Amino acid sequence: MLPKIDLPIYDLKLPSNGKEVRFRPFLVKEEKLLLMAAKSGDSNEIIRTTKQVINNCLLDNDVNVETLPFFDIDCLFIAMRAKSVGESIEVNYICQSITKDGTPCQSKFPVTIDISNVEIDKNENIKSEIKFNDNLIFYMKYPGYSIIKVLNDNDDSFEKKIKIIIASIDRIFNKDQYYSTKDFSTEELQNFIENLTQEQFDKLAEFTSNFPSFYVKAEGKCDKCGKEHVVRYNDFVRFFQ
Ligand SMILES: [Zn+2]
């Protein structure tokens, strides 16, 4: 019998709550599943496979990929992929520093991005409790992976904005009573949102347009003008392909 090779184990702090989780990298069989899903072009299939593969690689049983916020899943996926296919990628930037004659330098310079250094941008001014008055309080949550990915496939419409807001409300407090959104249908919730004032709606939208996002900070030097650049890289799309 061939040997069973031990796999490396890594840990990562979940961006949403700082909880430490352990994982192993993707294996060839998992890359194969992801590739097949990507080929199918079916977004439900891609989402299902992504969640399944992440679940396979997670070594802690108390982490549920169904309920984790979408950016935790994104972060886990990038970390697992990075440990599997390589952590650094080279990206070219165009130097925008202004030279003596007043024009931008425009020279290309390479920056090495270390994907294992992912950091999270989180606006601390955005609270999950949105209080309009003593009788009306919204308790918000970060939506799960599936709902966000399905919505991202569609255009950037007002309908989409409403759907993301609905997916982000956990509970509503009104006149001594709590209402949990999971007890209501999408139609009921949609109708409810459409009957809010514009001011109330904007306050909820402020929460959803400030979801945490992640980036990698990296440094590079322009060969032509010598300027040292610090760039923020946030295009992780190729890691999902
Ligand atoms: Zn330059």
Side-chain angles (χ1 to χ4, degrees), residues 8 10-18 20-21 23 25-26 30-31 34-35 37-39 41 43 46-47 50 53-54 57 69-126 142-143 145 148-149 151-157 160-161 164 205-241:
Y10 304 98
D11 40 46
L12 176 109
K13 276 200 175 85
L14 291 179
S16 66
N17 57 12
E20 205 150 285
V21 296
F23 68 89
F26 293 161
E30 281 136 3
E31 290 288 349
L34 290 166
L35 199 69
K39 263 194 185 155
S43 50
I46 294 170
I47 291 164
T50 305
V53 164
I54 288 173
C57 298
F70 67 95
F71 53 87
D72 278 356
I73 297 284
D74 280 339
C75 218
L76 277 168
F77 186 86
I78 287 167
M80 289 168 178
R81 193 83 198 266
K83 297 294 181 193
S84 156
V85 302
E87 293 177 30
S88 54
I89 49 171
E90 193 135 295
V91 180
N92 279 312
Y93 279 82
I94 307 281
C95 181
Q96 297 296 340
S97 66
I98 305 297
T99 55
K100 278 182 200 134
D101 63 5
T103 58
C105 164
Q106 301 278 24
S107 177
K108 244 190 213 171
F109 65 96
V111 175
T112 306
I113 309 285
D114 180 357
I115 296 293
S116 62
N117 270 337
V118 171
E119 294 183 56
I120 279 278
D121 235 348
K122 200 172 169 194
N123 186 338
E124 298 297 337
N125 295 323
I126 303 295
Y142 297 123
Y145 187 74
I148 285 290
K149 294 298 154 179
L151 289 172
N152 279 348
D153 267 7
N154 301 315
D155 61 339
D156 203 16
S157 63
K160 175 180 157 183
K161 202 170 175 180
I164 292 180
E206 193 186 15
F207 180 86
T208 58
S209 24
N210 281 286
F211 284 149
S213 59
F214 44 92
Y215 66 93
V216 173
K217 213 155 59 179
E219 286 168 26
K221 188 176 174 182
C222 171
D223 285 338
K224 196 173 155 204
C225 72
K227 161 108 177 148
E228 307 256 8
H229 295 264
V230 177
V231 300
R232 281 166 67 102
Y233 180 80
N234 54 17
D235 175 18
F236 296 94
V237 173
R238 70 159 251 178
F239 269 77
F240 288 97
Q241 283 164 347

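Start at 1 and go down the list; that is how both ligands and their atoms are numbered. Nothing fancy with the numbering, it's 1 onward along the sequence. Everything numeric here is computed off the predicted structure, so don't read it as measured data.
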Would the F71 and F211 ring centres measure less than 6.0 Å apart?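 Not close enough - the centres of the two rings lie 6.0 Å or further apart.
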Just grab all the salt bridge (Lys or Arg N to Asp or Glu O under 4.0 Å) pairs involving residues 206-217, residues at least two apart or on different chains.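 Listed once each, the pairs are K203-E206.
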Show me the pairs that pass salt bridge (Lys or Arg N to Asp or Glu O under 4.0 Å) and involve residues 103-119, at least two apart or across chains.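 Found none.
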pair P8-P25: side-chain heavy atoms closer than 4.5 Å: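 Sidechains of P25 and P8: in contact.
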Flag side-chain contact, heavy atom, 4.5 Å: L34 against F77: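 Touching, per the 4.5 Å side-chain cut-off.
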Would you list the pairs meeting side chain to side chain donor-acceptor pair (under 3.5 Å) in which at least one residue belongs to residues 219-232, sequence neighbours left out?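 The answer is D121-R232.
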Pull up every protein N/O/S atom sitting under 2.8 Å from the Zn ion (ligand 1), skipping waters.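 For the Zn ion (ligand 1), the protein N, O and S atoms that sit under 2.8 Å away are C95 SG, C105 SG, C222 SG, C225 SG.
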